[in-house]
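These numbers were taken from a predicted model, which means no experiment stands behind them. In what follows, every heavy atom counts, from backbone to side chain, and hydrogens, waters and symmetry copies are set aside. Per chain, numbering begins at 1; letters A, B, ... match sequence-line order.
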There are 2 protein chains.
Amino acid sequence: MRVTIKDVSRASGVSIKTVSRVLNKERYVGTETRARVEAAVAALNFRPSMAARSLAGKRSFQIALICDNPSPYYVYEMQSGIRDRCALDGVRMIAQPYDRNSPTLLDDIENLVEATHVDGLILTPPVSDYPAVLDLLAKRGVRFVRVSPGSAAELAPSTFIDNEAAAAAMTAHLLGLGHRRIGFIAGHPSYATSGQRMQGYAKALGKAGIPLDPVLVREGSYDFASGAAAAEDLLALDPPPTAIFASSDDMAAGALTVAHRRGLSVPGQLSVAGFDDTALAGFVWPPLTTIRQPTRVMAYQAADLLLGPADAPVERREVAFELVVRESTGRV
Amino acid sequence: MRVTIKDVSRASGVSIKTVSRVLNKERYVGTETRARVEAAVAALNFRPSMAARSLAGKRSFQIALICDNPSPYYVYEMQSGIRDRCALDGVRMIAQPYDRNSPTLLDDIENLVEATHVDGLILTPPVSDYPAVLDLLAKRGVRFVRVSPGSAAELAPSTFIDNEAAAAAMTAHLLGLGHRRIGFIAGHPSYATSGQRMQGYAKALGKAGIPLDPVLVREGSYDFASGAAAAEDLLALDPPPTAIFASSDDMAAGALTVAHRRGLSVPGQLSVAGFDDTALAGFVWPPLTTIRQPTRVMAYQAADLLLGPADAPVERREVAFELVVRESTGRV
DNA sequence: TTGTACGCGTTATCAA
DNA sequence: TTGATAACGCGTACAA
């Protein structure tokens, strides 16, 4: 029925162990022997059983993505980036949508690690900053990489963008357009990046000699509805801000919708800008000026760190962000 | 190090096999024995190794989602629905983003089946209609469920909505608003649903005694850009249509963007409507009138079919669609 | 450079 | 209702 190593060994006339050596690209295999084995593998269309490999060996050729981000685009990009990197090494990715508020999250993760023997995990915010999860993995000696961690960066390898510099760049851009009252919609405080982005906004204002007016700052929760609500609040001010900078694209889209509704979505009126973790900015009109966070690249690099040598020093790999200027940001 | 069945058997004073029986909820286990074993399992925090289970047994407690849909929302909803159903049975989902144009798709799927010992697969369009894939799975005797299959429905269990009736309902709705020239943006022909939706549009027009004007029909490819391009074409007609009905929400969003750009996104002007496979309709302004396809429900039901008894007759499970009327569809 | 013997943790078979 | 023992397919350790 199933084609096994045994079949390959018979077909090529070498021992099971030698076939295993070829499969795992070990050294000390004769060139001719290797060729014969590879031919037999191809002829029989042999595919090693991951179950048997993980049971017998130290590796399982599987890694897991712990991702409970509410944005489908973010999840999709993360999975795609990781998949791309894993494909290079013949490693499989286990990706389950998780619920970050689930009381069994910790248990689920422990279960996953035990049951699947994964070689490592990739953690995204906000789980990448959950002390309980970090402790658990460290205690079990499981490798993991964190995406956009907020603290304790020395704990494990990680990938990130400079959120503070990014927010400062966008704020400076808006200031350069002549805006003096810039509304800011912050992200949910459970995400470390929220604070970093807020910092960048504040610093850029300070640098320009403009006092931070607390009334111009609202807290959202990274979704469309909270962005719309925050924008309504901000535009009800007297005088209203001439620009709104949202900490995520979903919130920026919400703000833009409010602008549409109020007839402000035309050049010379309200400027709306945002972070663009995903791709939503392409679906709204007029297109948003955004800080593009290369989620897919961060994912790829995270997988790269995870699949790299186990004894490598803890590396923090920075990925460049991009300020994408589009027409929605008109001059005041 | 790792807690095994052996440890549980020692702790509870029964044989390994009996522990296994309890874990698999087999019959013929004494009530008291079962209780003791369960207590030991909980006390030791025992988690069975999936690798060992799939190696020794006939089941692997894993299913795979073959989903190469380009829409992140669709993928997310599919994964979430399947995850929800799988969680009930302690089954894990393997979800890899695939590339439907990959020349190695068939090989990748075969590899997945062989390597992971999955108990079954869930196929989404357009792969759910690829004869080569269907053949392969049938030949190997692997269970699978198809989502929205276009033909050969008797081949395997499937979930679907009545696309023709849905398109007809939307067309009738637009006719009821007074529209007589309704542009239609069709989906890519590689998706069976594209033809079904087109049929519904044509039939509803016929029923109203309105001849189908071929110039009002354009072919898109389910994405934002093709929807925008098709809308540009349609609005360049003389006279232009007073309504546009797109076969997907991404294309509808593209059409709406064109309407914005031309100043037509106000009541009394162009009506834009679309299918809503995902959730995008909530992110545009004004909100689109849509046929809501409950992707998550279809996914849940697909997993339900897959995890059900293996000897069940081939079932076609229909899921209800919903016509969601929102403000973008104004009277002519 | 290659081969032998054993074990990984669980389920299947068959006997008790 | 329970238990002993042989698989499952592969990697590891060690020997040749």
Using atom [atom1] of [X] as one end and atom [atom2] of [N] as the other, report the distance to the nearest whole Å.
| X | N | atom1 | atom2 | result |
| --- | --- | --- | --- | --- |
| A:Phe46 | D:dG9 | CZ | P | 10 Å |
| A:Arg10 | C:dG3 | CZ | P | 15 Å |
| B:Asn24 | C:dT10 | CG | C1' | 9 Å |
| B:Arg47 | C:dT10 | CZ | C1' | 17 Å |
| A:Glu114 | C:dT10 | CD | C1' | 14 Å |
| A:His117 | D:dC10 | NE2 | P | 16 Å |
| A:Glu32 | C:dT1 | CD | P | 13 Å |
| A:Leu23 | D:dC10 | CG | C1' | 10 Å |

[X] side chain vs [Y] backbone, donor-acceptor pair below 3.5 Å:
| X | Y | value |
| --- | --- | --- |
| A:Gln79 | A:Ala95 | no |
| A:Asp119 | A:Phe61 | yes |
| A:Ser15 | A:Thr18 | yes |
| A:Ser128 | A:Val147 | yes |
| A:Thr33 | A:Val29 | no |
| B:Asp129 | B:Pro126 | no |

Counting only heavy atoms and a strict 4.0 angstrom limit, can you tell me which residues of residues 52-63 of chain A come near DNA chain D? A:Ala52, A:Arg53, A:Ala56, A:Gly57, A:Lys58
For a side-chain contact (heavy atoms from CB on, under 4.5 Å) check, start with the C-alpha distance between B:Leu136 and B:Val113, then their side-chain angles and the critical distance, and finish with the verdict. CA-CA 10 Å; B:Leu136 170 71; B:Val113 169; over 6 Å; no
Of A:Glu26 and A:Arg2, the one whose closest DNA chain D nucleotide lies more 5': A:Arg2
For D:dG11, take OP1 and OP2 only and decide whether either is under 4.0 Å from a side-chain N or O of A:Ser20. yes
Atom pairs, N/O to N/O, protein against nucleotides 1-5 of chain D, distance under 3.5 Å?
from	atom 1	to	atom 2	distance (Å)
D:dT1	O3'	B:Gly30	N	3.3
D:dT2	OP1	B:Thr33	OG1	2.4
D:dT2	OP2	B:Gly30	N	2.8
D:dT2	O4	B:Arg21	NH2	3.2
D:dG3	OP2	B:Ser15	N	2.8
D:dG3	OP2	B:Ser15	OG	3.0
D:dG3	OP2	B:Thr18	OG1	2.8
D:dG3	N7	B:Arg21	NH1	3.4
D:dG3	O6	B:Arg21	NH2	2.7

Only residue of B:Ile63, B:Val91, B:Leu121 satisfying side chain to side chain contact (heavy atoms under 4.5 Å, CB included) with B:Leu306 is B:Ile63
Results of side chain to side chain contact (heavy atoms under 4.5 Å, CB included) for A:Ser49 - residues two or more places apart only: A:Arg2, A:Ala51, A:Ala52, B:Leu55, B:His117
